[in-house]
Amino acid sequence: MDFALSPALLQARDRARAAAEELLAPAARTADAEARFDRGLVQELGRRGLLDERDPALARCLIAEELGRVDSSVRGLATVQVALVAGCLAEWGSPAQRARWLPWLRSGEAIGCYALTEPEAGSDVRSLQTRAMRVPGGWRLEGEKHWITNGGVAEVALVFASAEEGVTAFVVPTDAPGLERRPMPGEPLGHRAADHAVLTLRGLELGEDAVLGRPGGGLQVAMSALRRGRLEVAAGAVGVLQACLDASVDFARRRRQFGRRIGDFQMVQAALADMAADLAAARLLVREAAWLEDAGRGSLDRVAVAKLFCTEAALRAADQAILIHGGRGYSNLYPVERYWRDAKGMQIYEGTAHVQRLIIARALLGRDEGASAAVRPPGPG
Ligand SMILES: Cc1cc2nc3c(=O)[nH]c(=O)nc-3n(C[C@H](O)[C@H](O)[C@H](O)COP(=O)(O)OP(=O)(O)OC[C@H]3O[C@@H](n4cnc5c(N)ncnc54)[C@H](O)[C@@H]3O)c2cc1C
């Protein structure tokens, strides 16, 4: 077994690390405090080749870890842009759809968003209330999406709607008449430098060529995206874990109480050791799941194991990091409270921790063939 990263993978990691240090680190705290989305940053990530859906899964995970170590808002926007939007266009798009959008998304000149969640359809993605109705020459969409990352700033949206054939995915330019967007109401707990929006579709008319994949094939499109996306979220959580450990070790070396470094107290040492053990396990889970994806042997439940473990380990680490920092950890002058707020979101989006557990349990137990459709567990959202 060879755990070494190839020169190409190391290069991808180093490019992401340099971008994280040079572009993200100086701005992360104020961008969070001022809830500021920076479009120029997206273009710079594109110029540095960090938004390319053609990269193997392992490279995307290394990039997500490096960005996530410094700023989960930026890692999140890149995951939506690359894993969810560009990845779906590359996998399911017609030649015309790919030619129109992919070069712009890779360069960061265009931003993409992925509009699945609705006020009444979150984990239960099969119950979408957004309707796609056939009209002469194409389709008309009616409905509302919420919590859409990049929704207010994107040029292109992948919109999922219920049609007669079943859930169908559409590629929608966001300047299309009938599509309105507004900021998500309320202040988010974390990911504050990301853009989250409500999209309202009222009489949104689209041509036949707007369908992504085939009519009725939308759940397959959605799940292919989430499989890539969840792996990147898990990798981003590894970055958060690393950041928590680095900040805590540094603080435990410098802070003195009772005439000693707090790192000399065994309870602090135990917390650091647990964090380091979680970090090592989380990183291996992500790399193995990504390696399986690249070898064509990946599965939804392997990705679910990685997402579940990594996001919850990041939360545990952030919780301990705040405690180790004492009162300072409770202030945004130190980054650890932001790590906790961001990690909480990662436990929820792209399928909550409950949903990941359902997927894992279903892979262990199989479906109950005797159960009626009414009591079957819902699809993973
Ligand atoms: C920061 C952020 C960014 C997001 N970005 C996007 C985006 O870009 N695009 C997009 O489409 N969506 C996005 N979302 C939405 C996100 O994917 C949903 O919030 C998430 O899937 C959960 O759906 P819900 O909020 O409707 O919760 P619900 O599905 O209503 O769940 C409520 C609770 O019930 C639990 N639950 C539900 N069903 C079951 C079950 N069968 N078994 C056990 N427990 C269950 C859930 O785990 C949760 O604890 C984002 C959310 C956040 C917070």
Side-chain angles (χ1 to χ4, degrees), residues 32 35 37 68 71-88 111-130 143-154 156-161 167 169-170 172 174 181 183-199 201 218-219 221-223 225-230 232-233 236-237 240 304 307-308 311-312 315 338 340-362 367 371 374-381:
D32 175 77
F37 178 87
D71 190 335
S72 290
S73 291
V74 176
R75 196 277 312 145
L77 88 80
T79 297
V80 171
Q81 172 98 347
V82 182
L84 303 191
V85 180
C88 277
I111 294 177
C113 70
Y114 174 91
L116 180 64
T117 305
E118 301 178 355
E120 300 308 325
S123 305
D124 183 7
V125 294
R126 287 185 172 86
S127 67
L128 294 183
Q129 292 183 357
T130 296
E144 186 172 284
K145 300 287 178 180
H146 79 172
W147 265 119
I148 306 307
T149 302
N150 299 348
V153 293
V156 60
L158 299 192
V159 176
F160 296 84
V167 173
F170 295 89
V172 182
T174 53
R181 30 198 192 159
M184 191 66 198
E187 297 295 322
L189 180 66
H191 291 75
R192 289 191 179 160
D195 176 87
H196 301 117
V198 176
L199 308 186
L201 322 172
L219 282 181
V221 175
M223 290 318 299
L226 291 174
R227 186 156 140 186
R228 280 186 294 272
R230 285 170 183 167
E232 281 198 24
V233 175
V240 173
K307 188 193 185 253
L308 174 65
T311 55
E312 295 202 335
L315 253 180
R338 174 165 57 89
W340 187 87
R341 291 189 281 107
D342 289 340
K344 197 66 201 169
M346 295 157 87
Q347 193 192 27
I348 295 171
Y349 58 66
E350 299 205 22
T352 66
H354 296 142
V355 167
Q356 304 312 312
R357 287 186 167 90
L358 280 181
I359 296 170
I360 297 163
R362 194 179 299 162
R367 283 182 189 274
V375 297
R376 285 209 181 133

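Order of appearance sets the numbers: ligands from 1, and atoms from 1 within every ligand.
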Heavy-atom pairs closer than 4.0 Å: do any link ligand 1 to the side chain of T352, the backbone, both, or neither?
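The part of T352 near ligand 1 is the side chain, not the backbone.
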Which is it for V355 and ligand 1 at heavy atoms under 4.0 Å: side chain, backbone, both or neither?
neither
Answer yes or no: does an N/O atom from [X] fall short of 3.5 Å to an N/O atom of ligand 1?
X	value
H196	no
H191	no
T149	yes
H354	yes
Y349	no

For [X], atoms of ligand 1 separated by under 4.0 Å from a heavy atom:
X	answer
E350	17 (O)
L358	40 (C), 41 (N), 42 (N)
G122	23 (O), 24 (P), 26 (O), 29 (O)
L116	11 (O)

Between CG on residue L128 and NZ on residue K145, distance to nearest 0.5 Å:
4.5 Å
How far does CD of E312 sit from NZ of K344, to the nearest 0.5 angstrom?
7.5 Å
Apply side chain to side chain contact (heavy atoms under 4.5 Å, CB included) to Q129 and list each qualifying residue two or more places apart in sequence or on a separate chain.
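For Q129 the side chain to side chain contact (heavy atoms under 4.5 Å, CB included) partners, ignoring immediate neighbours, are E118, E120.
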What are the two closest heavy atoms between G112 and V85, and how far apart are they?
C-CG2, 3.7 Å
Sub-4.5 Å side-chain heavy-atom contact between [X] and [Y]:
X	Y	result
D32	R341	yes
I359	R230	yes
M346	S72	yes
V240	R75	no

Nearest neighbour of atom 28 (P) of ligand 1 from the list A197, G351, S123, on a heavy-atom basis
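Going through A197, G351, S123 one by one, S123 has the nearest heavy atom to atom 28 (P) of ligand 1.
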